[in-house]
Amino acid sequence: MSEENGLIYRISGPVVTAVGISPRMYEVVRVGDEGLMGEVIELHGDQSVIQVYEETSGVRPGEPVIRTGQTLSVKLGPGLLTQIYDGIQRPLADLEATMGVFITRGVDADGLDLSKKWEFNASVSVGDEVSGGSIIGIVQETETVEHRIMVPPGKSGKVANIQSGEFDVTTTVCTLEDGTEVTMMQEWPVRTPRPFIKKNAPDVPLITGQRILDFLFPLAKGGTAGIPGPFGAGKTVTQQQLARWSDAQIVVYIGCGERGNEMTEVLTEFPNLMDPNTGKPLMNRTTMIANTSNMPVAAREASVYTGITIAEYFRDMGYDVALMADSTSRWAEAMREISSRLEEMPGEEGYPAYLSSRLAEFYERAGRVQTLGGGDGSVSVIGAVSPPGGDISEPVSQGTLRIVKVFWGLDAGLARQRHFPAINWLSSYSLYPQALDQWYRDNIASDFPEVRTKISSLLQVEAELQEIVQLVGSDALPMDQQLTLEVARMIREYFLQQNAFHDVDTFSKLDLQYEMAKAILTFQEESEKAMAGGAGLEDVVNVPARTDLMRGRFEEGYAERIGDLLGEMSKQIAGTMGDN
Amino acid sequence: MSGKEYRTITDVKGPLVFLEKTEPVAYGEIVQLRLSDGSMKNGQVLDTSDDQVIVQVFEGTASVDRQTGVKFLGDVFKLPVSKGLIGRILDGAGKPRDGGPEIVAEEMADIIGAAINPYSRESPEQFIQTGISAIDACTSLVRGQKLPIFSASGLPHNDIALQIARQAKLVDSDDDFVVVFCAMGITAEEYNFFVHDLERTGALENAALFVNLADDPAVERLITPRLALTAAEYLAFEHDYHVLVIYTDMTNYCESLRQIGAAREEVPGRRGYPGYMYTDLAMLYERAGMVKGKKGSITQFPILTMPGDDITHPIPDLSGYITEGQIVISRELHQKGIYPPINVLPSLSRLMNAGIGEGKTREDHKSVSDQLYAAYAGGRELRGLVAIVGEDALNERDLQLLKFSDIFEDQFLRQSRDEDRSIIEGTLDLAWDLLTNIDTKYLVRLDQKWIDKYHPTESKS
């Protein structure tokens, strides 16, 4: 067909204009003699504007442009986990095998290994009624994750034929009565959300093992969170901690326009890290997308969609999925760069006017849903934001904050004092506690919400007292307020600070977090009593057992010992009354 | 391509030349311009279509007229690379500047460079000892890292860069670094300072210099670092060298980028810098690292001066988001007469944790470094308070921290320009000595086991 082939008219960086074809919007085309992959992003008279996912230098006007008829899609099926992809789902290991250590261009690679055989176990029988989203069989994809093979959305009928056995992902494993053939692989256009029946209210927390997050600013499974912060405040470390320790069953990690060495660190580390919930390597439940800052911007723009489509696919199987995008600012910048090449009228700070609607569409793909198959699955989205100069009044931060329900605000000042995670406890917030409180009462402790309120109000009071201290010094405060300062210091140094690089401290179970918070409140009560009985502030603060209690968190078995340590501390504090 | 010469220039705007009626010209293609007096200029295609071609001229467009002949060379910009680059001084466009012969190419390398597949990278984790305590203890550098120096006008960043270039070594290996030095828009005086120092220490024989000075064409600065990095990649990945790339001053590079953006009438981003500056800088900074199956490595030390000492200015800001940390030079410390005036608080090395600890530096390194930070940060904060309320209002802990912050600056940060401190005796042991000024009960960042083992007065050994 002649209309399938056109010619390049103009090249400006990643944006190529073609004439002589009339493709659909977002259709994938092959550009130039080398067949570079591109996507149609604008139709303008007889010109089609294409963003190209690979480097365009050396490409000339007059070279061919070929339609594919497909929109940008990902391949979904067994083999996604433990993979590391570029922004358009090309496995980086395959790229290395064909191009060597540097990424050149014009090379295609399938998102799934099409020849690998998987053991398929049918879970429905001939004659069963199935529809889109129904699970028809199981593949044990990794040691810890079973991959549930589903009927693609939009297909339904009675099973005419189904068989268990070893198949590759393109072989038909099930035929419906109307002749529909189902394989273990589905393809799905990345810019279209996958369907579900309805969204449910998120009322189960996503437990991350990070004390400040779980205890003060929790995220629900199916919720959305934004982490804005200047460079060096610990966005990436926080994201990686979440990828490591959160109790999601599947993790999708998108490194979007970030550092190459950092991705390598994740790649070398994850296979050696054990999942605290299963004791098996974390990599078994993880898919990674790495599009570093010097890889083509158009692929960076696509990487976020590739990631969330994979996340939705696992959600549809009934899994809780956590997706980390680091950093959404780089994604927004990719949009800005493409937009300016299109000579679109810019909105704020040169970003396209559709920035905030794109952000909203993306975060809206999160949620806890009733799946087409009738199960319960969720996608939680945690997006890092990198505001210029750390100033969150800029468009990407603001666009994000309008949508997300949890704000973990990173603070350069705290990072400078090596208070990590450098999440500011005064400016951060979570809108989920109310929805989650019942869960805490049922599963951790009946007074969990009250303990949390006490801890956060102590921090508030501290902030107010600090203002006075800045003016007059702490000695000018009455003793009870000086004690409050000490208690707040204990919250900060013992509870909020958490060392991501320490084998033990890097992860705290939720019940231990509760015990630690209670220990702080016990210290406060016992000290008040002792001071009322005549003990001095220095006496109660300096009891050796308190240091033991605090340092103990770095040692194995702390959860078992904390009760004893606390008892000893209370005894010693009570003993200080006798000194005076 | 044919060697056809066009005389179809329609517009000349700043460093850009616009042409019509050409045969298909490739994006990124190299262009030669022949002026009416016979002199030659070089350029590169920035935008190409059937109707119009836009060329960026590296040497500036002075004397270009509508009669100027324009020839498209049919290829993208390539640098002749060979081992012979070591010991040579080239100009900002890659031509010999030292009076020596042209470089005999072992290979022609595309200067844009391809991205390293993240899957093919090797995790950088070999500690580089710079002999400067502030860096070695608090912002440890590892091989394959990109760690910029954030400085400002009038500060001794050049001395620090040279001291690092001189002293940098691996603790347990004799491998030397080859230095690739890239100057962008620096003054002749600064350039002479670098060259004399490299000559004096004999390092020049082990260095390749790419030099674009302040009076050289501004547009040329956009290719100078790409030449330097192309040379570095060739030496590292084809000849197994460990390359230390020092480039100065990134701020001048970014100014040139802005100039081109303005000439093309692009929609500007923050403070007039182009919206793609992040990506553009990443294409330079990301050319650092180590890759699987190759012995060599590229470690980068970009130097940039923060306009108005402002770390939130787009140049340091975008750099900080790409590089693996930063070393921040402080005017306040400099004015106190402390060399090197490195403010460790905003400084950071992201790859530090991979390069320190047992078997690399010493097992207590991380704890010691955290404690130094916390104590120094606490002490510095108290200085403000003391200025208002006096020392009498401080409790014992605060007094100790306050005193520590002065000692830390005077004895730990301060060292001479040729003082090469070893990491164990020179830096970590010194840190422990200084920490004796604080009661151990206030040293909450230190694991008890390190106090038991290393504390000069409290240790149990």
Side-chain angles (χ1 to χ4, degrees), chain A residues 9-12 17 55-62 84 92-93 95-96 99 101-104 231-232 259-265 267-268 290 292-295 297 330 333 336-337 340 346 349-350 386 388-391 416-418 470-476 493 501 542 547 550-551 554, chain B residues 24-29 47-50 76 112 114-124 144-145 266-270 275-276 278-279 282-283 286 289 291-292 312 314 317 320-322 324-326 345-346 348 351 353-354 366 370 373-374 377 385 388-389 393-395 441 444 447-448:
Chain A
Y9 165 74
R10 177 185 171 194
I11 303 136
S12 171
T17 310
E55 174 64 38
T56 52
S57 62
V59 178
R60 294 168 200 279
I84 165 155
L92 289 175
L95 296 188
E96 184 189 70
M99 338 173 166
V101 297
F102 290 100
I103 293 182
T104 51
F231 62 82
R259 305 175 181 90
N261 278 336
E262 242 161 35
M263 289 313 302
T264 310
E265 202 185 311
L267 282 175
T268 40
T292 57
S293 52
N294 58 339
M295 286 157 78
V297 282
R330 306 301 162 225
E333 278 165 14
R336 173 166 73 183
E337 190 167 335
S340 100
E349 292 195 19
S386 317
D391 172 11
R416 225 163 272 173
Q417 291 167 35
R418 292 303 183 264
Q470 290 301 319
L471 296 174
V472 296
S474 58
D475 279 6
E493 291 182 354
F501 302 99
N542 289 330
T547 316
M550 289 171 66
R551 287 228 175 98
F554 292 114
Chain B
V25 170
Y27 178 72
E29 191 168 338
D47 195 320
T48 169
S49 71
D50 288 348
V76 293
I112 300 299
I116 300 176
N117 186 333
Y119 181 80
S120 311
R121 281 180 182 266
E122 195 83 64
S123 256
Q145 186 171 14
E266 289 169 345
V267 179
R270 236 171 22 120
Y276 50 80
Y278 177 84
T279 306
M283 309 264 293
E286 277 291 332
V291 297
K292 283 185 203 159
T312 68
D317 192 54
Y321 276 122
I322 307 165
E324 284 132 358
Q326 64 277 340
L345 299 182
L348 171 75
L351 301 182
N353 289 316
K366 167 82 178 138
D370 283 350
Y373 267 111
L385 181 60
I388 304 171
V389 295
L394 299 187
N395 57 28
K441 65 170 182 267
V444 292
D447 285 11
Q448 188 62 43

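Quick caveat, the model's predicted, so the values are computed rather than measured. Lettering of chains follows the sequences in order, A, B, ..., and the numbering in each one begins at 1.
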Honestly, the part of A:Thr56 sitting under 4.5 Å from a heavy atom of chain B is both
Candidate pair A:Ile103 and B:Asn117, rule side chain to side chain contact (heavy atoms under 4.5 Å, CB included), full reasoning: CA-CA 6 Å; A:Ile103 293 182; B:Asn117 186 333; 3.8 Å; yes
Name the option with the most non-hydrogen atom pairs under 4.5 Å to chain B; the candidates are A:Glu262, A:Met263, A:Glu96, A:Arg336. A:Glu96
Sort out for me which of B:Pro124, B:Ala374, B:Gly289 touches chain A most, counting heavy-atom pairs under 4.5 Å. B:Pro124
Let me confirm one number: the CG-CZ distance from B:Asp50 to A:Arg10, rounded to the nearest 0.5 Å. 11.5 Å
For a side-chain contact (heavy atoms from CB on, under 4.5 Å) with B:Tyr119, tell me which candidate from A:Leu95, A:Ile84, A:Val101 qualifies. A:Ile84
Of all heavy-atom pairs between A:Phe102 and B:Ala114, which one has the smallest distance, and what is that distance? CD2-O, 3.3 Å
Let me know if A:Asp391 has heavy atoms under 4.5 Å from chain B in its side chain, its backbone, both or neither. neither
Without swapping roles, check the side chain of A:Asn261 against the backbone of B:Glu324 for a donor-acceptor pair under 3.5 Å. no
Looking at A:Glu337, A:Arg259, A:Arg418, A:Arg551, which one has more heavy-atom pairs under 4.5 Å with chain B than the rest? A:Arg259
Choice from A:Ser340, A:Gly260, A:Pro346, A:Ala476 maximising heavy atom contacts with chain B below 4.5 Å: A:Gly260
Choice from A:Pro388, A:Ala290, A:Gly390, A:Gly350 maximising heavy atom contacts with chain B below 4.5 Å: A:Pro388
Contact winner vs chain A - B:Thr312, B:Val444, B:Asp47, heavy-atom pairs under 4.5 Å: B:Asp47
Contact winner vs chain B - A:Thr104, A:Thr547, A:Val472, heavy-atom pairs under 4.5 Å: A:Val472
Checking side-chain polar atoms at under 3.5 Å, does B:Glu286 have a donor or acceptor matched by the opposite partner on A:Thr292? no
Contact leader toward chain B among A:Glu333, A:Met99, A:Glu55, where contacts are heavy-atom pairs under 4.5 Å: A:Glu333
Taking every non-hydrogen pair under 4.5 Å, which of B:Arg270, B:Lys292, B:Gln145 racks up the most with chain A? B:Arg270
What pairs with B:Tyr321 under ring-ring contact (aromatic ring centres under 6.0 Å, His included), at least two apart in sequence or on another chain? A:Phe231
At their closest point, which heavy atom of B:Val389 faces which heavy atom of A:Leu471, and how far apart are they? CG1-O, 2.9 Å
For chain A, which of B:Leu394, B:Thr279, B:Val291 has the most heavy-atom pairs under 4.5 Å? B:Thr279
Flag the one option from B:Ser123, B:Gly28, B:Ala377 with the top tally of heavy-atom pairs under 4.5 Å to chain A. B:Ser123
Looking only at non-hydrogen atoms, find the nearest pair between A:Leu267 and B:Pro118 and report the distance. CD1-O, 3.9 Å
Note, B:Leu351 side chain near A:Glu265 side chain (heavy atom, < 4.5 Å): yes
Could you tell me which residues satisfy ring-ring contact (aromatic ring centres under 6.0 Å, His included) with A:Phe501, sequence neighbours excluded, listed by chain and number? none
With a 4.5 angstrom heavy-atom cut-off, could you sort out which part of B:Ile322 is near chain A: side chain, backbone, both or neither? both
Heavy-atom distances under 4.5 Å only: say whether B:Gln326 touches chain A with side chain, backbone, both or neither. side chain
Is A:Arg60 reaching over with its side chain to a backbone N or O of B:Val25, donor-acceptor style, under 3.5 angstrom? no
With a 3.5 Å distance limit and no angle check, can you tell me whether A:Asn294 reaches the backbone of B:Ala115 through a side-chain donor-acceptor pair? no
Return the CG to CZ distance between A:Leu92 and B:Arg121, rounded to the nearest 0.5 Å. 11.5 Å
